[in-house]
Structure formats: C-alpha cells, structure tokens
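Just below is one structure, and these are the notes that go with it.
Atoms within each ligand, like the ligands themselves, are counted from 1 in listed order. The first residue of the sequence shown is numbered 1, and numbering continues consecutively from there. Just so you know, these numbers come straight off a predicted model, no measurement behind them.
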Amino acid sequence: MNRRILVTGRLPQEIMTGLSKKYEADINIEDKPFDRQKLLDGIKDKEGLLSMITDTVDEEVLDRADHLKMIAQFGVGYNNIDIKAATTRGILVSNTPGVLTDATAELAFALILAISRRLVEGDRMTREGRFRCWAPMLFLGREVTGKTLGVIGMGKIGKAVAQRARCFNMPILYHNRSRMSKSEEKELTAKYVDMKTLLSQADFITLHVPLSDQTRHLIGSQELSLMKPTAYLINTSRGPVVDEQALLETLRNGRIGGAGLDVYENEPALTPGLVELENVILLPHVGSGTLETRFRMANMAAENLIAGLSGKVPPNLVNPEVLPKRRL
Ligand code: DGY
C-alpha cells in the first residue's frame with residue numbers, strides 16, 4: 001500500500017497531482033485553515049505531513065502521530081510547529097527558505113512606498129469622489145529617497161530589502177543577533193547599531209526576525225516611543241513580534257508617521273480600532289503571495305517531503321539533530 005500523507009492546504013494543481021500519484025494523499029482543497037479536529041484525526045495513520053503556517057503542530061497532534069516521519073512546512077517560518085517535541089519523537093521537519101526572499105522583500109518595500117506616499121489613502125479618496133482639485137499643499141506624503149532605513153533581522157529577507165533600499169540612496173542601519181562580515185556590510189552600505197540607535201535614527205523600520213520567545217513583543221510601547229515622530233514601522237515577519245495594542249495606541253495618538261502591516265498578533269483577527277486609522281496599511285499576510293513564489297514553495301515542500309519519506313536527508317531540514325534517531 002502507498003504511504004499516506006496529509007496536505008493541509010490547497011497547492012498548485014501540478015504539485016497536488018504529483019503527490020497524489022506517489023502517495024495516498026489526503027488533501028485539504030479548501031482555501032481556509034485546516035480544521036483542528038481534522039488534523040488530530042487525520043494525522044493518526046500518516047507518515048508525512050505537508051503543513052501550513054496556520055496549523056498548530058503541537059504535542060497534542062504529535063502524540064497521535066505514531067507513524068509520522070516527516071513534516072514539510074509550506075513556509076520559511078515554522079513557529080507553528082513544536083520543533084523540540086517533533087525532534088524528541090524522531091520526526092524530521094523542513095521549511096522553504098530562499099524561494100520567498102524576493103517576494104517578501106518586494107512587499108516590504110511596497111509597504112514602505114505605499115505608507116509614505118499615502119497610496120491606499122489616496123486610492124480610497126479618489127474612488128470615493130473626494131478628489132476635487134489639485135493644490136500645492138494637498139495630500140502630501142513623505143519622500144523615501146535618501147531616508148534612513150532600519151532593518152531589524154538581517155537574514156536573507158532583511159538583506160534583500162536593504163539591497164532594494166540602495167536604489168533609493170537610503171543609508172542603512174541594521175540590528176541582528178550576529179554582525180555581517182565587513183565585506184557584506186560594505187556591499188550593502190549597512191551599519192551595525194544597537195536597537196536603541198536604530199529605533200531613534202531610522203525613518204523606516206522594517207522587521208525581518210523569526211518569531212521566538214526572544215522576539216515576541218520585540219517592538220512594544222517603549223520601543224515605539226523611541227521612534228521619530230515621522231518614522232514608519234513595517235512588519236512582514238510575524239504579528240506577535242509587535243505588541244499590536246501598543247502600536248494601535250501609538251498610531252492613534254499620531255506618535256509615529258504610520259505603519260505598514262502584513263501580519264497580525266492574533267491573525268486573522270485585528271486589534272479593534274486598527275481599521276479605523278488612516279495612518280496604517282493592512283494587508284492579508286501576502287508577503288510570499290505571488291504565483292511564482294507560491295509555486296516554488298509548494299515544489300520545495302513536496303521535494304522535502306519526498307526526500308524525508310524515502311529515507312534521505314531533506315534539503316531544507318530545520319532539525320538536523322533528529323537524524324540519529326529519525327523514524328524509518
Ligand atoms: C512564511 O513562509 O513564513 C510566510 O509567512 C508565508 O507566507
């Protein structure tokens with residue numbers, strides 16, 4: 001009998017067909033998060049799981065997954081999976097790094113331009129028939145060219161945003177767990193600074209850290225209070241990195257220039273009050289949401305799953321410490 005796998009989200013048809021030919025595949029073809037109870041029931045007889053960022057793969061799920069060998073996450077972030085619990089049980093976990101770097105960096109930059117030049121607000125005004133005349137002092141935004149960009153989290157995506165910022169002659173400050181090499185700093189014209197300096201000097205602050213115990217509420221009321229009154233906060237990483245209530249209050253009081261958000265603390269719920277504000281752009285978590293990137297992510301997740309289930313080392317394994325005790 002074919003091996004059984006569970007795929008919790010609808011993928012490009014070609015990938016779903018490929019997986020269905022190879023495995024007995026149980027696929028959630030609805031474009032909505034897989035039901036928790038269905039995950040708990042469905043995982044029992046499966047050897048492979050191709051998971052979405054909306055699935056909580058915790059001990060409760062893993063305790064039922066007696067046959068599970070491999071979790072291939074569709075996404076670079078995997079904070080929804082209890083990696084320690086998976087490793088203890090000998091289950092391999094992979095993710096999809098790299099293939100979504102450009103798409104996510106593009107979106108971060110789109111938010112930088114959109115919030116400072118008031119694109120969404122302007123579109124709304126025009127559609128509603130409120131554009132009555134041109135005037136020198138009407139509907140002004142702030143220029144991006146030459147402004148200082150602060151990058152928090154200088155991994156692949158942070159670097160890709162910094163590269164794009166160079167075309168806008170933006171000086172770059174960055175903060176990261178570790179410093180880049182001198183040559184990388186030079187190439188990106190990026191200066192390593194502490195958080196306080198970055199928060200108080202940057203005109204745009206863009207977040208590119210994974211969600212962990214260390215980064216939860218990395219940006220709270222204290223950090224927001226250090227930002228320039230004209231500065232903008234951009235978040236395309238994970239919602240809980242920002243204390244959304246504190247951000248709401250800061251935006252409501254006009255304490256900073258504005259924010260561009262693609263992710264939320266209790267996604268998809270928004271902190272009440274956020275939608276009433278004009279100085280924030282709210283997107284539905286589409287950082288990696290291009291046809292090209294989502295195809296590459298699906299392909300990569302499928303390749304990882306196939307490698308893991310055929311006893312190989314998946315190319316994007318995130319818990320290599322599991323290898324000596326992997327389930328075969
Ligand atoms: C990721 O890969 O972590 C993204 O947030 C999914 O779009």
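Near Leu100, meaning under 4.0 Å from one of its heavy atoms, ligand 1 places the atoms 2 (O). Heavy-atom proximity to Gly77, at under 4.0 Å, picks out these atoms of ligand 1: 1 (C), 2 (O), 3 (O). Each of the atoms 7 (O) of ligand 1 lies under 4.0 Å from some heavy atom of Arg294. The Gly75 neighbourhood of ligand 1 comprises atoms 1 (C), 2 (O), with distances under 4.0 Å to a heavy atom of that residue. Below 4.0 Å from some heavy atom of Ser288 lie the following atoms of ligand 1, by number and element: 6 (C), 7 (O).
One finds a salt bridge joining Glu185 and Arg179 here, because a Lys/Arg side-chain nitrogen approaches an Asp/Glu carboxylate oxygen to under 4.0 Å.
The stretch residues 208-236 participates, sequence neighbours left out, in these salt bridge (charged side-chain N to carboxylate O under 4.0 Å, His left out) pairs: Asp203-Lys228.
Summarising the local packing, CZ of Arg64 is surrounded by more than 12 heavy atoms from other residues, nucleotides or ligands at distances under 6.0 Å.
Nearest protein neighbour of atom 3 (O) of ligand 1, counting heavy atoms only, is Arg238 NH2, 2.6 Å.
Ring orientation note: the planes of Phe109 and Phe168 are tilted relative to one another, at an angle of 30° to 60°.
Residue nearest to atom 2 (O) of ligand 1, selected from Val76, Thr96, Asp262, Thr293: Val76 (by heavy-atom distance).
Looking at Arg164, Lys156, Lys159 one by one, the single match for salt bridge (charged side-chain N to carboxylate O under 4.0 Å, His left out) with Asp102 turns out to be Arg164.
Under the 4.5 Å side-chain heavy-atom criterion for grouping Ile, Leu, Val, Met, Phe, Trp and Tyr, Phe295 is connected to Ile306 within one hydrophobic cluster.
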